[in-house]
Structures are given as C-alpha cells and as structure tokens.
Amino acid sequence: MKIGIIGAGNIGGNLTRRLTALGHDVSVANSRGPHTLTALAEETGATPVPVEEAARGAQVVVVTIPLKAVPGLPAGFLDGAAANAAVIDTGNYYPQQRDGRIAEIEEGLTESRWTERQIGHPVIKAFNGTYAQDILDKPLPKGAPGRVALPVSGDDEAAKKVVRDLIDELGFDTVDNGGQDDSWRQQPGTPVYGNAGDVEEITKALAAASPERTPEWRA
C-alpha cells in the first residue's frame, strides 16, 4: 500500500522502518522539513516529503505528532489521499507533561474525537499505548503464543479493518475497542495503556477501564 506518515519521532520512525521492510511505499514528513529526514530515508527507502504532500495518494495516513501540534497541520493536508483512506491517530493528551490544557478534552471529549474535529476526518485510534521499541522487538507470527495485541477504536468499520489487517501484518493481534466514543478506554492512565498483553489480557484491561481521569492526566 501507499502509506503516508506525519511525524518521524519514536513511533513514526519505527513504523516507517517496519512498513518499508514489509514492502509498502512510505512517504514520511515532519515539522522541520524533508531535509531533516535524509538519514531515515537512506536507512529505510522511505520518501521524505513536506507535510502537505505526505497523504498524497495514500491509502493509509498515520498522524503521529504531539496533540498540541494537531491544530497546526496544514489545511487540506488530507485532500490528496486516496478515496476512503484510513487515518490512524496515535496521539495522547499529556496536559502536564507537554500539551497544556485542552478544554474540550478536560470536559470529557475523547482525545481522538478532538483530533477528528481538528483535521475534519474520521480517525482510527491505534498505537497510542504502544512502546515504540515494541514495534521493532515484539512482532510474532499470527497464532504464536504470547503475541502482543493492540486496542483499536474508530467509527469507520471499513477503515478499522484496513488498520487491523495492517497491524496483523506488522506482527500483532488487535482487539476492537468499539467506536470513538469508547476510545477513552485506551487513553493514558487506563489499564491498557502501555500494556503488552495478548488478546485475552487486553480485552480484560479495556473492560476494567474507568472514564474518570486521574489527577496525573488532567491539566
């Protein structure tokens, strides 16, 4: 597939490494410009592009940038994407640590629903509670004992299937965490966040989540 990745930090960089190794055509962008991505491009064969061009023709677009930077994405950055492109949101709200106060999220809007409103496109929430190094170190073949499972939420079932199939190809199982209004179950501070369990463990962790944010995760 043609895949655009916006953000070349730990998650974005390691997804670029794995997805290119699997044979996907990956374009990668960051806020500092393509000239800063030369080393990653040489390592992986990905194409460094400006943010405005990352989604051009892409069937999957990964937005993996700090939440506070989402409103600054260029207007229309998804306009050139393939029809029915799946947009993956890996983001988390870190009010004390990085993002500052976002009123709508503090008032109960899920983080990915907020992101959808900023970019004007439905998203599939995935990889947000995954350690970046696990993307490189923990893939296992389908059916292998102890295969790590990732929670995935979103309202667009067709896009969700594309994302779940891609995660399976990357070497991980998935657990369907419902629509975006249920995506709070995989936000920071919940039992599933940072949890590298299998399908059974992740399913239990999602069920055990509380919608009440702990003080650490509030502004």
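Using a 4.0 Å cut-off between charged side-chain N and carboxylate O, Lys204 and Glu201 make no salt bridge. Ion pairing of Lys161 with Asp165 is present here, as a side-chain N (NZ or NE/NH1/NH2) and a carboxylate O approach within less than 4.0 Å. Looking at Arg213 and Glu111, a side-chain N of the basic residue comes within less than 4.0 Å of a carboxylate O on the acidic one, giving a salt bridge.
When each of Asp198, Asp134, Asp168 is tested with Arg147 by the rule salt bridge (charged side-chain N to carboxylate O under 4.0 Å, His left out), just one qualifies, namely Asp168.
The backbone N or O of Gly178 sits less than 3.5 Å from a side-chain atom of Lys160, completing a donor-acceptor pair. With Arg18 contributing its side chain and Leu170 its backbone, the two residues share a donor-acceptor pair below 3.5 Å. With Gln59 contributing its side chain and Lys2 its backbone, the two residues share a donor-acceptor pair below 3.5 Å.
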Ignoring hydrogens and angles, write down the donor-acceptor pairs under 3.5 Å from the side chains of residues 4-16, residues two or more places apart or on other chains.
| unit_1 | atom_1 | unit_2 | atom_2 | d |
| --- | --- | --- | --- | --- |
| Asn14 | OD1 | Arg17 | NH1 | 2.9 |
| Asn14 | ND2 | Ala132 | O | 3.0 |
| Thr16 | OG1 | Gly12 | O | 2.8 |

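In this structure, Tyr94 shares a hydrophobic cluster with Tyr193, Trp217, the cluster being traced through Ile, Leu, Val, Met, Phe, Trp and Tyr side chains under 4.5 angstrom apart.
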message: Set out, in order, the CA-CA distance, both residues' side-chain angles and the distance that settles side-chain contact (heavy atoms from CB on, under 4.5 Å) for Asp155 and Arg113, then state yes or no.
response: CA-CA 10 Å; Asp155 299 328; Arg113 186 70 80 198; 2.8 Å; yes
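Val26 and Val162 fall within a single hydrophobic cluster, where Ile, Leu, Val, Met, Phe, Trp and Tyr are joined by side-chain heavy atoms under 4.5 Å apart, directly or via other members. There is a path of hydrophobic side-chain contacts, each under 4.5 Å, that joins Leu22 to Val148. In the hydrophobic clustering of ILVMFWY residues, with side-chain heavy atoms under 4.5 Å counting as a link, Met1 and Val87 come out apart. Hydrophobic clustering of Ile, Leu, Val, Met, Phe, Trp and Tyr side chains at less than 4.5 Å, counting indirect connections, keeps Tyr93 apart from Trp184. Taken together through direct or relayed side-chain contacts under 4.5 Å among Ile, Leu, Val, Met, Phe, Trp and Tyr, Leu206 and Tyr131 form parts of separate hydrophobic clusters.
Between Ile3 and Leu166, the closest side-chain pair of non-hydrogen atoms falls below 4.5 Å. Proximity of Leu67 to Gln118: side-chain heavy atoms (C-beta onward) are nowhere separated by under 4.5 Å. Counting only heavy atoms from C-beta outward, the side chains of Thr110 and Lys125 never approach each other to under 4.5 Å. Side-chain atoms of Trp114 and Ile102, non-hydrogen and from C-beta on, do get closer than 4.5 Å to each other. Counting heavy atoms from C-beta outward, Val123 and Val63 have side chains that stay 4.5 Å or more apart. Side-chain contact check for Gln186 versus Ile202: every heavy-atom pair is 4.5 Å or farther apart. The closest side-chain heavy-atom distance from Pro34 to Glu53 is not below 4.5 Å.
Within the model, atoms CG of Leu78 and NE2 of His121 stand 6.0 Å from one another, a figure rounded to the nearest 0.5 Å. The CG atom of Leu140 lies 8.0 Å from the CZ atom of Phe172; values are rounded to the nearest 0.5 Å. Distance check, rounded to the nearest 0.5 Å: CG of Asp25 to CG of Leu19 gives 11.0 Å. From Gln187, atom CD reaches atom OG of Ser153 across 8.5 Å, with rounding to the nearest 0.5 Å. If you take CG on Leu109 and CZ on Arg117, they are separated by 4.5 Å, rounding to the nearest 0.5 Å. Here the CG-CD1 distance, from Leu150 to Ile167, works out to 5.0 Å after rounding to the nearest 0.5 Å.
Closest approach of Glu116 and Pro122 over heavy atoms only: OE2-CA, 3.4 Å. Annotation for Ala126 and Val152: closest pair CB-CG2, 4.3 Å, computed over non-hydrogen atoms. The two atoms that bring Arg218 and Glu212 nearest to each other are NH1-OE2, 3.9 Å, heavy atoms only. Nearest approach of Val61 to Ala58, heavy atoms of both residues: CG2-CB, 3.9 Å. Across all their heavy atoms, Pro215 and Gln96 have their closest contact at O-NE2, 2.7 Å. The nearest pair of heavy atoms linking Ser27 to Ala54 is CB-O, 4.1 Å.
Between Asn128 and Asn92, the side chains place a donor N or O and an acceptor N or O closer than 3.5 Å (distance only, hydrogens not considered). Side-chain atoms of Ser183 and Gln180 form a donor-acceptor pair, as typed in the model, at a separation below 3.5 Å.
More than 12 heavy atoms of other residues, nucleotides or ligands shown are found within 6.0 angstrom of CD on Glu107.
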